[in-house]
Amino acid sequence: MQAPRAWYGKIAEFLLQSGYVVALVDSSLIVKSIEGMLAGVLVYIDDLIITGDDEDEICQTRENLSVHFQMKELRELKDFLCLELDKSNDGLFLCQRSMLKIC
């Protein structure tokens, strides 16, 4: 169980050196705020979700991470930990349909 902790340590150290801070609410969420814009990296075992409203920072973070770590971008996020995500012009909608139990 040490490998995920070591991976998190390396990613977190790199992001902290890049101006990110660990969120107080969840240590797996590492965020960066610049002039009211936000970029965030969620670390879950060996997966990363990079998101926010600062497209330039998101692209720069992806590039910087790919230089220092072996990475591949899988796809646009549609589901994560039993959450279904749907992006539209109105925003991001979350659903936990798979968690509903019909009695």
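Positions are given from 1, in the same order as the sequence printed here.
Residues Phe69 and Val43 share a hydrophobic cluster, clusters being chains of Ile/Leu/Val/Met/Phe/Trp/Tyr side chains in contact below 4.5 Å.
Residue Asp53 comes nearest to Gly36 through the heavy atom pair OD2-O, 4.4 Å, listed as atom of the first residue, atom of the second, then distance. The minimum heavy-atom distance linking Ile58 with Ala39 is given by the pair CG1-CB, 4.3 Å.
Asn64 and Gln60 share a side-chain donor-acceptor pair at under 3.5 Å. For the residue pair Tyr20 / Thr61, a side-chain donor-acceptor distance below 3.5 Å is found, with atom types taken as modelled.
Taking the side chain as every heavy atom from C-beta outward, Ile30 and Val21 never approach each other to under 4.5 Å. Considering only heavy atoms from C-beta on, Leu29 stays 4.5 Å or farther from Val22 through its side chain. Between Leu42 and Ile50 there is no side-chain heavy-atom pair separated by less than 4.5 Å. With contacts defined as side-chain heavy-atom distances shorter than 4.5 Å, the pair Val41/Phe14 does not qualify. With a 4.5 Å cut-off on side-chain heavy atoms, Glu57 and Lys32 count as touching.
Not one N or O on the side chain of Asp54 forms a donor-acceptor pair closer than 3.5 Å with the backbone of Met37.
Rounded to the nearest 0.5 Å, atoms OG1 (Thr51) and CG (Leu38) are 8.5 Å apart. Ser28 contributes atom OG, which lies 7.0 Å from atom OH of Tyr8 (distance to the nearest 0.5 angstrom).
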